[in-house]
*Asks:* 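Quick one: structure below, then a few questions.
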Amino acid sequence: MATPLKAGGILIFRRIQNEVQYLLLQTSYGEHHWTPPKGHVDPGEDFRTAALRETEEEAGLRESQFKLFDFEKCLKYSVRGRPKEVVYWLAELKDPNTPVKLSDEHQDFKWLCLSEACSYSRFNDLQEVLKDADEYIQGRG
């Protein structure tokens with residue numbers, strides 16, 4: 001059996017006039033799908049380190065600009081016949097007006113409410129992570 005591909009990502013949200021909005025990035029390759037910032041775990045990294053590095057590389061957002069929550073979800077799926085594991089954490093932007101700076105891996109980004117974020121995400125398991133995150137946020141007031 002093939003060694004799973006490993007990736008880490010951060011589901012970033014902000015509050016604008018009490019509305020929770022999630023950051024999704026549109027890839028500049030393939031089918032131009034929408035996902036939170038995420039990327040492969042490099043040798044010697046753990047999932048969390050990769051998630052923080054990739055969020056800074058892909059969206060220009062540093063750990064000092066958001067608050068990480070004790071919320072972690074692992075997705076397992078197959079990519080071109082190879083198993084993949086992605087671990088997502090949840091984080092809130094401290095300043096909701098912090099600019100997003102895309103890398104060349106992405107061509108667009110959007111801040112979306114839960115229903116919009118779920119419709120942009122074509123993957124059922126990512127939609128479940130978004131819904132779980134929203135429940136977690138609502139439960140914290």
Side-chain angles (χ1 to χ4, degrees), residues 1-140:
M1 186 159 146
T3 308
L5 299 166
K6 294 180 189 273
I10 298 185
L11 179 55
I12 295 185
F13 72 96
R14 68 180 185 178
R15 294 176 209 258
I16 299 285
Q17 295 160 346
N18 293 324
E19 181 186 53
V20 172
Q21 298 176 337
Y22 298 93
L23 176 65
L24 293 184
L25 310 179
Q26 185 181 36
T27 59
S28 54
Y29 56 85
E31 296 178 16
H32 306 296
H33 60 281
W34 294 83
T35 67
K38 73 170 187 342
H40 295 288
V41 175
D42 286 343
E45 279 186 329
D46 58 22
F47 283 102
R48 190 171 180 275
T49 303
L52 292 168
R53 176 183 51 76
E54 288 286 345
T55 298
E56 186 169 352
E57 287 176 9
E58 295 184 352
L61 299 172
R62 295 183 307 280
E63 185 176 7
S64 62
Q65 296 173 301
F66 50 80
K67 177 187 179 209
L68 271 172
F69 290 93
D70 186 24
F71 173 97
E72 182 181 323
K73 293 285 177 180
C74 181
L75 302 184
K76 295 182 180 188
Y77 54 93
S78 181
V79 176
R80 290 188 286 285
R82 191 160 172 206
K84 184 169 185 175
E85 282 178 51
V86 181
V87 179
Y88 283 108
W89 283 265
L90 180 65
E92 181 175 10
L93 265 188
K94 292 176 183 174
D95 174 356
N97 298 311
T98 302
V100 173
K101 299 179 195 85
L102 293 179
S103 72
D104 58 6
E105 291 180 51
H106 294 89
Q107 63 186 14
D108 199 5
F109 72 90
K110 290 188 185 302
W111 288 103
L112 302 163
C113 69
L114 177 62
S115 61
E116 291 171 324
C118 286
S119 70
Y120 272 80
S121 167
R122 298 192 327 269
F123 306 105
N124 289 337
D125 51 0
L126 183 52
Q127 291 171 2
E128 289 305 311
V129 169
L130 285 159
K131 290 173 188 170
D132 289 350
D134 206 68
E135 268 182 41
Y136 179 89
I137 294 163
Q138 303 310 330
R140 299 180 62 84

*Asks:* Is it the case that the side chain of His106 and the backbone of Ser28 share a donor-acceptor pair, with hydrogens and angles ignored and the cut-off at 3.5 Å?
*Replies:* no
*Asks:* Excluding sequence neighbours, so at least two apart, what forms ring-ring contact (aromatic ring centres under 6.0 Å, His included) with Phe13?
*Replies:*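 Phe69.
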*Asks:* With rounding to the nearest 0.5 angstrom, report the CG to CG distance, Asp108 to Leu25.
*Replies:*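 Those atoms lie 9.0 Å apart.
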*Asks:* What's the shortest heavy-atom distance between Pro96 and Ile16, and which atoms?
*Replies:* CB-CD1, 3.7 Å
*Asks:* If every non-hydrogen atom of Phe66 is compared with every non-hydrogen atom of Lys94, which pair is closest and at what distance?
*Replies:*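 Phe66 and Lys94 have their closest heavy atoms at O-CE, 3.6 Å.
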*Asks:* To the nearest 0.5 Å, what is the distance between CG on Leu11 and CD1 on Ile137?
*Replies:*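 So the gap between those two atoms works out to 7.0 Å.
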*Asks:* Applying side chain to side chain donor-acceptor pair (under 3.5 Å) as the test, list every pair that has at least one member in residues 64-76; sequence neighbours left out.
*Replies:*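 Residue pairs passing side chain to side chain donor-acceptor pair (under 3.5 Å), neighbours aside: Glu72-Trp89, Lys73-Asp132.
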*Asks:* What residues, two or more places apart in sequence or in another chain, satisfy ring-ring contact (aromatic ring centres under 6.0 Å, His included) together with Phe71?
*Replies:*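 In terms of ring-ring contact (aromatic ring centres under 6.0 Å, His included), with neighbours along the sequence ignored, Phe71 is linked to Tyr136.
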*Asks:* Carefully, step by step, assess Thr98 and Arg14 under the rule side chain to side chain contact (heavy atoms under 4.5 Å, CB included).
*Replies:* CA-CA 10 Å; Thr98 302; Arg14 68 180 185 178; over 6 Å; no
*Asks:* Test of understanding: with salt bridge (Lys or Arg N to Asp or Glu O under 4.0 Å), list the residues that count as partners of Arg62, not counting sequence neighbours.
*Replies:* none
*Asks:* Nearest heavy-atom pair of His32 and Thr27: which atoms, and what distance?
*Replies:*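 Residues His32 and Thr27, closest heavy atoms: ND1-O, 2.9 Å.
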*Asks:* For Leu112 versus Ala117, what's the shortest heavy-atom pair and its separation?
*Replies:* CB-N, 3.7 Å
*Asks:* Of Gln17, Arg15, Gln21, which meets side chain to side chain donor-acceptor pair (under 3.5 Å) against Glu19?
*Replies:*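 Only match with Glu19 under side chain to side chain donor-acceptor pair (under 3.5 Å): Gln21.
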*Asks:* Side-chain polar contacts of residues 53-61 - donor-acceptor pairs under 3.5 angstrom, sequence neighbours left out - could you list them?
*Replies:*
residue : atom : partner : partner atom : Å
Arg53   : NE   : Glu45   : OE2          : 2.7
Arg53   : NH1  : Glu57   : OE1          : 3.4
Arg53   : NH1  : Glu57   : OE2          : 3.2
Arg53   : NH2  : His40   : O            : 2.9
Arg53   : NH2  : Asp42   : OD2          : 3.3
Arg53   : NH2  : Glu45   : OE1          : 2.9
Thr55   : OG1  : Ala51   : O            : 2.8
Glu58   : OE1  : Lys38   : N            : 3.1

*Asks:* In Å, rounded to the nearest 0.5 Å, how long is the span from NZ of Lys131 to CG of Leu114?
*Replies:*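 Between atom NZ of Lys131 and atom CG of Leu114 there are 7.5 Å.
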*Asks:* Check Ile10 against Pro36 and note the closest heavy-atom contact, atom names and distance.
*Replies:*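 Looking at all heavy atoms of both residues, the shortest contact is O-CB, 3.6 Å.
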*Asks:* Mind listing the closest non-hydrogen atom pair of Leu126 and Trp34 along with its distance?
*Replies:*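 That would be CD2-O, 4.2 Å.
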*Asks:* Which pairs count as side chain to side chain donor-acceptor pair (under 3.5 Å) when at least one residue sits in residues 111-130, sequence neighbours excluded?
*Replies:* Glu31-Arg122
*Asks:* Let me confirm one number: the CG-CG distance from Leu90 to Leu68, rounded to the nearest 0.5 Å.
*Replies:* 8.5 Å
